[in-house]
Amino acid sequence: MKKIALTIAAVASLGLTACSGGDNAATEANNTAEATDLNTTSDEAVADVNAAASDAMNAADNALENAGEAVENASEAVDNAAEATNTQ
């Protein structure tokens, strides 16, 4: 969709240049295309940062869950050792 918008902006700039024959129309169309490209790049950067933050949060959540399970396993091992000592 973004490529279509850039293509339309490029075609529009060519049309404006052909009709007006002036440098002002070409400059304005070029500025519009650059602004569109800048917005596209900015949107993609924000999406990339959000994806990276989401991945980091998922990794942290998994690490926390694994740590909790390790503590639970250690607690069960202590209980088992205590039971083994009491039965001897």
Side-chain angles (χ1 to χ4, degrees):
M1 186 67 163
K2 294 175 185 176
K3 290 180 182 179
I4 293 172
L6 288 175
T7 303
I8 291 172
V11 170
S13 69
L14 290 175
L16 287 174
T17 302
C19 291
S20 67
D23 288 336
N24 291 338
T27 301
E28 287 180 30
N30 190 32
N31 289 344
T32 301
E34 288 176 3
T36 301
D37 187 43
L38 179 62
N39 288 337
T40 300
T41 302
S42 176
D43 291 345
E44 290 173 356
V46 168
D48 289 345
V49 168
N50 287 342
S54 178
D55 289 347
M57 289 299 294
N58 288 337
D61 187 40
N62 289 339
L64 184 59
E65 186 174 331
N66 290 340
E69 289 175 3
V71 168
E72 184 178 340
N73 290 341
S75 174
E76 289 174 3
V78 168
D79 288 344
N80 291 339
E83 287 178 18
T85 304
N86 290 337
T87 58
Q88 291 178 351

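All heavy atoms count here, side chains included; hydrogens, waters and symmetry mates do not.
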Engineer: Which atom pairs, one a donor and one an acceptor, fall under 3.5 Å between side chains of residues 52-64 and the rest of the protein, sequence neighbours left out?
Structural biologist:
from: Asn58; atom 1: ND2; to: Ser54; atom 2: O; distance (Å): 3.4
from: Asn62; atom 1: ND2; to: Asn58; atom 2: O; distance (Å): 3.3

Engineer: Side-chain contact, heavy-atom cut-off 4.5 Å: Glu83 with Asn86?
Structural biologist: no
Engineer: Report yes or no: does Ser75 contribute a side-chain atom to a donor-acceptor pair with the main-chain N or O of Val71 at less than 3.5 Å?
Structural biologist: no
